[in-house]
Asks: 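Sharing a structure here in structure tokens format.
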Amino acid sequence: MSDKFQIDGHKLSYHPQRVATLLDAQQSWQAARDLYPLYVEISPVGACNHRCTFCAVDYIGYQPVRFEEATLIQRIEEMGALGVKSIMFAGEGEPLLHKGISRIAAATKAAGVDVAFTSNATVLPKDFIDLALPQTAWFKASINAATAATYAQIHQTAAEDFSKAIDHLKRMVAARNAQRLDTVIGAQILLLPENRAEIEQLATICRDEIGLDYLVVKPYSQHRFSLTQTYAEQRYDDLAALDERLARFNSDRFSLIFRRHTMEKMAETTLPYSRCRATPMLWAYVMADGRVFSCSAYLLDDRFALGNLQQDSFQALWQGEKRQENWRFVRDKLDIQQCRRNCRMDEVNRYLHRLLEEPPLHVNFI
């Protein structure tokens, strides 16, 4: 199927200088200390207006905390100067609930950092389309059903939120098209027993009614700390027929991205690599209260906590003692067979493993 965005893979190979530095940093803290992440995920607000049945971070508790706007912008400007290339606003809460999110997005782009959002799209600040959307590389809405009833059941919200999300996305697409912006606008659905029969209907809505650029169909992955265990035994063995049916939705203007590769990996009993080489190197997660973690699969785990941006600069945390301890722990002690399956850095780790541990024969014959 069409995946021109490489959502079911990775794009680290397009950053060869960073990869070369990363390889040197595997055994040297001095090299690792100055290697800043390419990508940071920021949760500007902890509160969420939904209680999705599959929520991976339900254990955090949807705390009504907000990262103070001026401080967050200051930290983001610092990140840009240090080499961070992209920030996705998402996290443990709904990012568009932050009252200053549009100004934050504009400041992020002004700092030379690419902007993206993952949102339920049921909230649309008045200034978002004018101020934030033109600065946004991509906006992805989580829509996990094609009918209001099923949507309300899965998102644990009022049925009318389904139409709100659709209407807000229509407004974004119309503004994007009218202004000829480069912003890519798409949606994603977790493949669950409750919504499996509605995926084709949702694809029709996304392509023909809203005018989105893509719909991603992805598998559920059990977070090791999640309170919810409803889908812990979810399997994706019978993919071929659904894959073939969904292929017909692809066109020059719309991509149906069925993450079959990721679903097939769910059947693996062990990971094909022995170490996580992406953490704490290539990415970071910032919580709404300012705490920084080197991996989103280990939020609230002190072994992955680097400090708090409300008190210290990003540089101080990234070059600090806590990150050095985490670097040593991940390198020498972390049992990745206990990590979350299909984590955000899984494909990156497979790529780095092939570079370091499984190069083909005769690599010098380029």
Side-chain angles (χ1 to χ4, degrees), residues 9-15 17-43 56-57 59-60 79 82-88 90-92 221-226 262 265 268 270-287 290-309 314-357:
H10 74 92
K11 295 181 277 289
L12 182 59
S13 56
Y14 294 96
H15 301 273
Q17 292 181 327
R18 198 70 64 107
V19 172
T21 305
L22 174 68
L23 298 182
D24 291 337
Q26 294 300 308
Q27 301 301 325
S28 168
W29 165 245
Q30 295 306 312
R33 183 188 61 185
D34 298 323
L35 178 61
Y36 286 92
L38 281 165
Y39 160 78
V40 175
E41 183 173 338
I42 293 180
S43 177
V57 292
Y59 66 98
I60 294 175
M79 291 178 192
L82 291 169
V84 172
K85 297 295 184 184
S86 65
I87 288 176
M88 180 178 73
E92 68 262 25
S221 173
Q222 181 66 42
H223 194 292
R224 63 194 304 267
F225 297 139
S226 292
T262 300
K265 290 189 297 181
E268 293 178 339
T270 59
L271 291 170
Y273 48 91
S274 58
R275 287 174 49 193
C276 177
R277 292 180 168 89
T279 303
M281 306 285 205
L282 294 174
W283 74 313
Y285 183 101
V286 181
M287 295 186 67
R291 283 179 291 175
V292 179
F293 288 82
S294 63
C295 177
S296 66
Y298 289 94
L299 299 182
L300 305 188
D301 187 330
D302 191 58
R303 297 172 301 175
F304 292 82
L306 307 184
N308 195 308
L309 290 179
F314 187 72
Q315 182 175 18
L317 298 188
W318 202 252
Q319 293 190 339
E321 182 178 344
K322 290 286 289 182
R323 179 167 172 261
Q324 182 178 8
E325 292 174 358
N326 182 243
W327 175 79
R328 295 188 186 282
F329 171 76
V330 172
R331 188 190 65 172
D332 300 332
K333 297 181 180 179
L334 176 65
D335 180 6
I336 61 165
Q337 302 302 333
Q338 302 301 315
C339 289
R340 185 182 187 183
R341 294 296 180 185
N342 283 324
C343 74
R344 195 176 294 278
M345 291 293 123
D346 178 66
E347 283 296 314
V348 166
N349 274 314
R350 290 170 189 258
Y351 168 68
L352 294 172
H353 176 76
R354 290 192 297 270
L355 283 179
L356 287 167
E357 305 292 343

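Just so you know, residue 1 is the first one in the sequence shown, and it goes up from there. None of these values were measured; they are calculated from a predicted model.
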Asks: Is there side-chain contact between Asp346 and Tyr273, with at least one heavy-atom pair below 4.5 Å?
Replies: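 The answer is yes; the side chains approach within 4.5 Å.
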Asks: What's the separation between atom NE2 in His223 and atom CG in Leu299, rounded to the nearest 0.5 Å?
Replies: 5.5 Å
Asks: Kindly compute the distance separating CZ (Arg224) from CG (Asp301), expressed to the nearest 0.5 Å.
Replies: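 Between Arg224 CZ and Asp301 CG, I get 7.0 Å after rounding to 0.5 Å.
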Asks: Answer yes or no: is there a side-chain heavy-atom contact under 4.5 Å between Leu271 and Arg341?
Replies: yes
Asks: Is there a donor-acceptor pair under 3.5 Å between the side chain of Trp318 and the backbone N or O of Leu35?
Replies: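 Yes: the side chain of Trp318 pairs with the backbone of Leu35.
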Asks: What distance do His15 atom NE2 and Lys85 atom NZ have between them, rounded to the nearest 0.5 Å?
Replies: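 If I round to the nearest 0.5 Å, the distance is 8.0 Å.
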Asks: If you define the side chain from C-beta out and look only at heavy atoms, does anything of Leu334 sit under 4.5 Å from Phe329?
Replies: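 Yes, their side chains come closer than 4.5 Å.
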Asks: If we ignore hydrogens and angles and just use 3.5 Å, is the side chain of Arg303 paired with the main-chain N or O of Glu325 as donor and acceptor?
Replies: no
Asks: Donor-acceptor pair, distance only, cut-off 3.5 Å: does the side chain of Gln324 make one with the backbone of Gly320?
Replies: no
Asks: Which distance, rounded to the nearest 0.5 Å, do you find between the CD1 of Ile60 and the CG of Leu300?
Replies: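 If I round to the nearest 0.5 Å, the distance is 5.0 Å.
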Asks: Backbone N or O of Pro272 within a donor-acceptor pair of the Arg350 side chain at under 3.5 Å?
Replies: no
Asks: Is Arg340 reaching over with its side chain to a backbone N or O of Ser221, donor-acceptor style, under 3.5 angstrom?
Replies: yes
Asks: Does any N or O in the side chain of His10 come within less than 3.5 Å of the main-chain N or O of Tyr351, such that one atom is a donor and the other an acceptor?
Replies: no
Asks: Cut-off 3.5 Å, side chains only: do Asn326 and Ser294 have a donor facing an acceptor?
Replies: yes
